[in-house]
Visitor: 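Attaching a single structure in structure tokens format; questions to follow.
A, B, ... follow the sequence lines: proteins, then strands. Residue 1 opens every chain.
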Amino acid sequence: MHPAPFTVEATDGAARAGTLELAHGAVPTPTFMPVGTRGVVKALDTTDLEALGASMVLANTYHLMLRPGGDVVERLGGLHGFTGWSGPFLTDSGGYQVFSLEPTITEAGAEFRSTYDGSTVHIGPESSMAIQQALGADVAMAFDHLIGLPAPREAVREAMERTLRWTERAMAVHDRDDQALFGIVQGGVDGELRAESARRTAELALPGFGIGGLSVGESAAERNAALDACIAELPAGKVRYVMGLGDTEGVLDAVARGADLFDCVWPTRLARHGKVLTAAGDYNIRTLANVEDGRPLDDDCGCLTCRRHSRAYLRHLHRTGELTAHRLLSIHNLHYTLEVLRGARVAISEGRFDGFRAGVLAARA
RNA sequence: UCCGGGGUAGCUCAAUCGGCAGAGCAGCGGACUGUUAAUCCGUUGGUUGUGAGUUCGAGUCUCACCCCCGGAG
């Protein structure tokens, strides 16, 4: 087990700025991990990610075990050798697919119909761990049971308890020294279950903690209350990763509550759908309003896309289905998201996070 | 000038025997959060080229005219 030491360098209220040390480098927090499910951030390559200043990338166990297979990736040098990304990686355990693909769940694990060829595939806490160790990310996530909300309290408790049992099973088989294993807090939007899940997961003495099961149908107020309940029970000296959260308002809410790490398809998926994230508010590039607009996507943005291309050109590319549109908008949206968190980090260290956050939100409104 | 084909939403086209004028695209709006999503959902547009006629009822049948395409001359 890699210890993944986390140093809190500054705090401002509950918000904190820190550094997470991993086998492939240090990650300044708070920060955002672009999602590269199949070993690639859709439409981008590793040089794009380097230019963006991304410090860590996420990949997915379920998808990579099916294609090309964990063993193939392992023989090609693990995720780092295979993809060419030399910075830190985190692999999700396949737990999200328990939610999104609705497999049959038993105590042993989850039984899926493969999304690629329809064959039956099984993932349990041990097999997810084995595949993640083969993939060789800096951080592996324990296989968890994630359910959509709203859900009956008993179902939320059952998923939470199962996640705890599965996490202990994952720990029992994990043995890579260059890889950290994070546990995942569940509990829906029930404050008591969240607190209990966080407390019992923290007792497992893992190097970091995911806060999972959010952004699955609950309101922002419910999500924030759930975050408060979890974070109150998690150790201050370890990293807190809010899984699957990526919109500006949601991320800033979480940073204000003491979260350090995020990942989400939000910036990249929205980019492919033509939605542009900006400091002055979000909009769709596809509309007629942009047809002859020579301005950049965002007047104040310094990203590669905004330095070189107009809204009119990007609208044209998106409308005509040119693949470059996805790359250029993904670069912009990721740059925007990373900048918000870089700004938050600086503001925390200077003791002005509340003002920073209020300014960002006001400009977007 | 003659022969043939055609004219329906911004565009390309459907519409059974004469029986409530539709679709795709475009446009407009919404959704999307540990990726089965370059996706999905919703929605505004009509004097059916013009004018008469037949009929309970015409995009559809009849007549005249206008316009477009092809062929002939």
Visitor: A:Arg286 CZ to B:G30 C1': how many Å, rounded?
Guide: 14 Å

Visitor: Using a cut-off of less than 4.0 Å, is there contact between a side-chain N or O of A:Arg38 and OP1 or OP2 of B:A37?
Guide: yes

Visitor: A:Leu334 versus A:Leu44: any side-chain heavy-atom pair under 4.5 Å?
Guide: yes

Visitor: Near RNA chain B, which residues from residues 150-174 of chain A have a heavy atom under 4.0 Å away?
Guide: none

Visitor: Taking A:Glu102 for its side chain and A:Phe99 for its backbone only, find out whether a donor-acceptor pair lies under 3.5 Å.
Guide: no

Visitor: Looking at RNA chain B, which of residues 210-230 of chain A put a heavy atom within less than 4.0 Å of it?
Guide: A:Gly213, A:Ser215

Visitor: Consider the side chain of A:Leu58, meaning its heavy atoms from C-beta on, and name the nucleotide among B:C32, B:C28, B:U35 that approaches it most closely.
Guide: B:U35

Visitor: Short of 4.0 Å, heavy atom to strand atom, which residues of residues 310-344 of chain A count as contacting RNA chain B?
Guide: A:Arg315, A:Arg319, A:Leu323, A:His326

Visitor: Provide the distance between the two P atoms, one in B:G42 and one in B:C25, to the nearest whole Å.
Guide: 12 Å

Visitor: Could you identify which residues cluster with A:Met56, counting Ile, Leu, Val, Met, Phe, Trp and Tyr as linked when any side-chain heavy atoms lie under 4.5 Å apart, either directly or through a chain of such contacts?
Guide: A:Phe6, A:Val8, A:Leu20, A:Leu22, A:Val27, A:Met33, A:Val35, A:Leu58, A:Leu90, A:Val139, A:Met141, A:Phe182, A:Ile184, A:Val239, A:Tyr241, A:Met243, A:Leu261, A:Val265

Visitor: Tell me, please, which residues at least two apart from A:Arg364 pass salt bridge (charged side-chain N to carboxylate O under 4.0 Å, His left out).
Guide: A:Glu249, A:Asp282

Visitor: Indicate, with a heavy-atom threshold strictly under 4.0 Å, whether A:Asp144 touches base, sugar-phosphate, or nothing.
Guide: base

Visitor: With sequence neighbours excluded, tell me which residues meet side chain to side chain contact (heavy atoms under 4.5 Å, CB included) with A:Arg342.
Guide: A:His335, A:Leu338, A:Glu339

Visitor: Expected output is a numbered-order residue list: members of residues 84-120 of chain A with a heavy atom under 4.0 Å from any atom of RNA chain B. What is it?
Guide: A:Asp92, A:Tyr96, A:Gln97, A:Ser100, A:Leu101, A:Thr115

Visitor: Can you identify which nucleotide, out of B:A37, B:C32, B:A26, has its nearest atom closest to the A:Lys42 side chain?
Guide: B:A37

Visitor: Output all residues satisfying salt bridge (charged side-chain N to carboxylate O under 4.0 Å, His left out) with A:Arg357, sequence neighbours left out; order by chain, then residue number.
Guide: A:Asp253

Visitor: Tell me every residue that passes side chain to side chain contact (heavy atoms under 4.5 Å, CB included) with A:His309, counting only those two or more places apart in sequence or in another chain.
Guide: A:Tyr313, A:Leu314, A:Leu328

Visitor: Tell me the stems RNA chain B sits in, counting at least three consecutive Watson-Crick or G-U wobble pairs, each under 3.5 Å on both distances.
Guide: B:1-7 with B:66-72, B:10-13 with B:22-25, B:27-31 with B:39-43, B:49-53 with B:61-65

Visitor: Pull out every residue in residues 245-263 of chain A that has a heavy atom closer than 4.0 Å to any atom of RNA chain B, ordered by number, or say none.
Guide: A:Leu245, A:Gly246, A:Asp247, A:Asp263

Visitor: Tell me, please, which residues at least two apart from A:Ala17 pass side chain to side chain contact (heavy atoms under 4.5 Å, CB included).
Guide: A:Ala10, A:Arg345, A:Ile348

